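Worth knowing before you read on, the calculation uses all heavy atoms, side chains too, and leaves out hydrogens, waters and symmetry mates. Remember, it's a predicted structure, so these values are computed and weren't measured experimentally.
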Amino acid sequence: SDRIADQIVIARYNLTPLMRLKQIIAVRSAIGTEAHNFGKASAEILLMDQLKAMYPAKDIENVYHGWLDVDGFGIDYAHHGPYPGSREWLRGNVAILYLRDIMIRNGGRGRKPPDAVLRAHYHQWLSVTTSMMDYESRLIISPSYCLLGDYAHQAARSPDSVTVGMYALEIIDGKLRDVHRF
């Protein structure tokens, strides 16, 4: 449906199975782009307000940029991030430079660099890892949940294929055990 009200209902129903899990105690929605959220984070605000009303015991918020600590495993997350690559043979180069910059800035501020940096926006899957200053970090760019509309076709330069899906980080005792792609 292209009706705004339907989009919020669809998103709420898609999240309902996860929200019902007892293990889910907090939910953060990384605010996306105006092209996807009807402007000024409207979709995220409407959706999270509905979820807060349905699950008042859970800690539910919208953020532009967030940090999670999962048993000492640090995760930096936001919607926008680096471009995956303008050519196949350049794929990941900008992402590694972006990740190194985050690692250097955190180290320069006396903080441990994030173990994982999660981004989206480009409707493509990409995972890169780099090591610096005795730390290893991984950056993952997530694919989209939907196919491309007119704007995304233009922004992505008319790709001949798209990836739709998600991933889950399996973290056990503060260590990344696996990245599961769905």
Check this for me, if you would: do Arg12 and Asp49 make a salt bridge, where the nitrogen-to-carboxylate-oxygen distance has to be below 4.0 angstrom? no
May I ask whether Tyr64 and Met48 are part of the same hydrophobic cluster, defined by side-chain heavy atoms of I, L, V, M, F, W, Y residues being less than 4.5 angstrom apart, directly or through others? no
Is there a donor-acceptor pair closer than 3.5 Å between any side-chain N or O of Asp101 and the backbone N or O of Leu97? no
Joint cluster assignment, Ile96 & Leu99, ILVMFWY side-chain distance < 4.5 Å: yes
Would you sort out whether Asp6 and Val9 count as a side chain to side chain contact (heavy atoms under 4.5 Å, CB included), showing the intermediate values? CA-CA 5 Å; Asp6 290 350; Val9 171; 5.6 Å; no
For the residue pair Ala30 and Glu44, what are the closest heavy atoms and their distance? O-OE2, 4.2 Å
Quick one: which residue pairs count as a salt bridge (charged side-chain N to carboxylate O under 4.0 Å, His left out) with a foot in residues 23-37, not counting sequence neighbours? Arg28-Asp59
Between Tyr13 and Leu47, is there a shared hydrophobic cluster once you connect ILVMFWY residues whose side-chain heavy atoms come closer than 4.5 Å? no
Shared hydrophobic cluster for Val63 and Leu51 (ILVMFWY, side-chain gaps under 4.5 Å): no
Judged by atom type as modelled, is there a donor-acceptor pair below 3.5 Å linking the side chain of Asp115 to the main-chain atoms of Gly74? yes
Value for OH (Tyr55) from CG (Leu15), rounded to nearest 0.5 Å, stands at 9.0 Å
Please report the closest heavy-atom contact between Leu126 and Gly92, naming both atoms and the distance. CD2-CA, 3.9 Å
Under a 4.5 Å cut-off applied to non-hydrogen side-chain atoms, are Met54 and Met19 in contact? no
Sub-4.5 Å side-chain heavy-atom contact between Ile171 and Ile75: yes
Determine whether His79 and Arg119 make a side-chain contact, defined as any pair of heavy atoms from C-beta on separated by less than 4.5 Å. no
With a 4.5 Å cut-off on side-chain heavy atoms, are Phe73 and Leu68 touching? no
Side-chain donor-acceptor pairs under 3.5 Å in residues 128-144, sequence neighbours left out?
from: Thr130; atom 1: OG1; to: Arg100; atom 2: NE; distance (Å): 3.3
from: Ser137; atom 1: OG; to: Pro114; atom 2: O; distance (Å): 2.4
from: Arg138; atom 1: NE; to: Ser127; atom 2: OG; distance (Å): 2.8
from: Arg138; atom 1: NH2; to: Ser127; atom 2: OG; distance (Å): 3.1
from: Ser144; atom 1: OG; to: His123; atom 2: ND1; distance (Å): 3.3
from: Ser144; atom 1: OG; to: Cys146; atom 2: N; distance (Å): 2.9
from: Ser144; atom 1: OG; to: Cys146; atom 2: O; distance (Å): 3.2

Would you please indicate yes or no on a ring centroid separation below 6.0 angstrom for Tyr83 and Tyr122? yes
Smallest separation among heavy atoms of Lys112 and Trp67, with atom names: O-CH2, 4.3 Å
Going by the rule ring pair (Phe, Tyr, Trp, His ring centres under 6.0 Å), which residues pair with Tyr77 if we only count those two or more places apart in sequence or in a different chain? none
Judged by atom type as modelled, is there a donor-acceptor pair below 3.5 Å linking the side chain of Asp178 to the main-chain atoms of His180? no
In this structure, are over 12 heavy atoms from other groups packed under 6.0 Å from Gln154 atom CD? no
Please check if the number of heavy atoms outside Tyr145 that lie under 6.0 Å from its OH is greater than 12. no
Treat each ILVMFWY residue as a node, draw an edge where side-chain heavy atoms are under 4.5 Å apart, and state whether Val117 and Val179 are in one component. no
How long is the gap from CD1 on Ile31 to CD1 on Ile45, to the nearest 0.5 Å? 6.0 Å
Determine whether Gln124 and Thr163 make a side-chain contact, defined as any pair of heavy atoms from C-beta on separated by less than 4.5 Å. no
Ile25 atom CD1: more than 12 heavy-atom contacts under 6.0 Å: no
Under 30°, 30 to 60°, or over 60°: which ring-plane class applies to His80 and His121, parallel, tilted or perpendicular? tilted
Lys175 atom NZ, over 12 foreign heavy atoms within 6.0 Å: no
Does a sphere of radius 6.0 Å around CG in Asp150 hold more than 12 heavy atoms from other residues, nucleotides or ligands, not counting ones at 6.0 Å or beyond? no
Are Asp173 and Asp71 close enough that some pair of their side-chain heavy atoms sits under 4.5 Å apart? no
Using a 4.5 Å cut-off on heavy atoms from C-beta on, say whether the side chain of Ser29 contacts that of Asn62. yes
What is the minimum heavy-atom distance between Phe182 and Tyr167, and which atoms define it? CD1-CA, 4.3 Å
Compare all side-chain heavy atoms of Val27 with those of Glu61 and state whether any distance is below 4.5 angstrom. no
Backbone N or O of Ile24 within a donor-acceptor pair of the Lys58 side chain at under 3.5 Å? yes
